[in-house]
Amino acid sequence: MFKSVVLALFVSVSAVIATPAALSGGAITERKCGTTISDEKLAANEAHYLANFVPKSASKVTAEAAAAPTVKVYWHVISKDSTASGGNIPASQISDQIDVLNEDYSSLGLTFKLANTTRTVNSEWFNEVGPDSSLQTTMKKQLRQGGKADLNVYTVGFVSGSGEGLLGYSTFPSDYSGNPKDDGVVILFSSLPGGSTTNYNEGKTLTHEAGHWVGLYHTFQGGCSGSGDHVSDTPAEASAASGCPTNRDTCSSAGVDPIHNYMDYSYDSCMTEFTPGQATRASGQLRTYRGISV
């Protein structure tokens, strides 16, 4: 919800969704976010966005992104061994996940196409990679491909360390220029369609994290009285939803909580939509920071 002139656009590190479950698909009860940002950083990010915003009519974007909006996806399978249960997911599951992305992002006018898949057996990366860890830095520096308009996806186990229990985390568009190799999304391998993570195995984790990659915040950003997610058609929400609580309404402002939005924390089966306002926001951020015109 847009509640202030100053837009809190981008967390400088990563937005994460965490879960307390084992990677085998154990009892996952909710998604949780472990990312914070200071008011000073919010103001700085917004000032930068306002100073560099690229309108849709800008000729330099039209020329630069003539082939857009197809996003190349570079997929990096990280496993602890050669088995599917150890993270070595089959190509068919990756293909199914790309199909989910394309269905979910059709309303944003964005298409994803698998460009390449790498496979790496590294039990340390698989188990311990997490936000801001030296391991994830090493992993991404060795594996990342493409440029600012290309989505790199890393599938891991999130067993221990700073990533323990996570479903995924992502960078935001404005992060790219300061640290290009860090750009991308890291997700739990068993959250893909057909995976073993109960209630979170229909591919919506990547849809959610890719939402951050295109510049969207959680729908509950700022709660009832904060600056919100800066989208006018996502009603204010006091906290993240869990499960699929129909007609949940945690704020006194107009509208029930957007529990069906991909940027909330509902079950995968409950997530069904982006709003037109989110499409507009993503479009502006993709043009400004990734050279993608949608």
Side-chain angles (χ1 to χ4, degrees), residues 7-15 37 41-42 44-76 97-98 100-118 137 140-154 168-187 206-217 229-231 262-263 274-294:
L7 307 179
L9 282 175
F10 307 110
V11 177
S12 60
V13 191
S14 302
I37 185 170
K41 183 59 180 175
L42 291 178
N45 284 341
E46 173 53 14
H48 185 272
Y49 179 66
L50 292 176
N52 293 275
F53 176 76
V54 177
K56 194 169 185 177
S57 59
S59 58
K60 65 178 181 180
V61 172
T62 302
E64 180 180 335
T70 297
V71 174
K72 293 180 181 178
V73 178
Y74 293 94
W75 199 289
H76 308 287
Q97 177 67 82
I98 297 296
V100 170
L101 274 184
N102 283 325
E103 180 178 355
D104 294 348
Y105 278 82
S106 61
S107 63
L108 272 66
L110 206 57
T111 299
F112 297 85
K113 182 178 181 180
L114 185 65
N116 189 39
T117 302
T118 67
T137 300
K140 289 180 174 179
K141 283 185 176 179
Q142 291 187 24
L143 298 179
R144 194 186 188 284
Q145 300 177 33
K148 64 184 180 181
D150 304 315
L151 175 61
N152 279 250
V153 178
Y154 307 81
Y169 63 95
S170 174
T171 58
F172 284 89
S174 64
D175 298 330
Y176 183 84
S177 62
N179 193 357
K181 283 292 186 179
D182 189 52
D183 186 63
V185 167
V186 185
I187 61 172
L206 184 53
T207 298
H208 178 105
E209 295 302 343
H212 292 311
W213 189 81
V214 303
L216 299 178
Y217 271 119
D229 68 351
H230 315 296
V231 176
Y262 294 124
M263 302 312 294
F274 287 117
T275 67
Q278 286 175 315
T280 297
R281 176 177 169 84
S283 177
Q285 297 192 6
L286 288 170
R287 287 195 307 272
T288 300
Y289 291 109
R290 297 199 183 279
I292 299 173
S293 181
V294 289

Inset, instruction - Output yes when a side-chain donor or acceptor of S106 lies under 3.5 Å from a complementary backbone atom of E103, and no otherwise. - result: yes

Legend entry - Donor-acceptor pair, side chain of Y105 and main chain of T207, under 3.5 angstrom: yes

Inset, instruction - Grab the two heavy atoms, one from L101 and one from A210, that are nearest each other, plus how far apart they are. - result: CD2-CB, 4.3 Å

Legend entry - Minimum heavy-atom distance between S107 and F274, given as atom pair plus value: OG-CB, 4.1 Å

Legend entry - S170 to E209 - nearest heavy-atom pair and separation: OG-O, 3.2 Å

Inset, instruction - Calculate, to the nearest 0.5 Å, the distance between atoms CH2 and OG1 belonging to W75 and T117 respectively. - result: 8.5 Å

Legend entry - Nearest heavy-atom neighbours spanning Q97 and L206: CG-CD2, 3.5 Å

Inset, instruction - Compare every heavy atom of G215 with every heavy atom of R281, then report the nearest pair and how far apart it is. - result: NE-O, 3.1 Å

Legend entry - P69 to G109 - nearest heavy-atom pair and separation: CG-O, 2.9 Å

Inset, instruction - May I ask you to check whether over 12 heavy atoms, not counting those of K181, lie within 6.0 Å of atom NZ? - result: yes

Inset, instruction - Could you tell me whether the side chain of V214 reaches within less than 4.5 Å of the side chain of V71, counting heavy atoms only? - result: no

Inset, instruction - Only counting residues at least two apart or in another chain, list the ones meeting salt bridge (Lys or Arg N to Asp or Glu O under 4.0 Å) with D183. - result: R144, R290

Legend entry - Near-ring test H208/Y262, centroid separation under 6.0 angstrom: no

Inset, instruction - Taking side chain to side chain contact (heavy atoms under 4.5 Å, CB included) as the test, write out the residues that go with S283, two or more places apart. - result: R287, V294

Legend entry - Member of L151, N152, V73 meeting the side chain to side chain contact (heavy atoms under 4.5 Å, CB included) criterion with V185: L151

Inset, instruction - Would you give the length of the straight line joining atom NZ of K141 to atom CG of N179, rounded to the nearest 0.5 angstrom? - result: 7.5 Å

Legend entry - Pair D182 + K140, salt bridge at N-O below 4.0 Å: yes

Legend entry - Crowding at CD, Q145 (>12 non-hydrogen neighbours, <6.0 Å): yes

Legend entry - Expected output: side-chain N116 to main-chain Y74 donor-acceptor under 3.5 Å: no

Legend entry - Aromatic ring proximity, centroids under 6.0 angstrom, F172 and Y217: yes

Legend entry - side-chain contact (heavy atoms from CB on, under 4.5 Å) between F112 and T70, worked out: CA-CA 6 Å; F112 297 85; T70 297; over 6 Å; no

Legend entry - Atom pair CG (L114) and NZ (K72), whose distance is rounded to the nearest 0.5 Å: 12.0 Å

Legend entry - By side chain to side chain donor-acceptor pair (under 3.5 Å) - contacts of N52 (at least two apart): H48

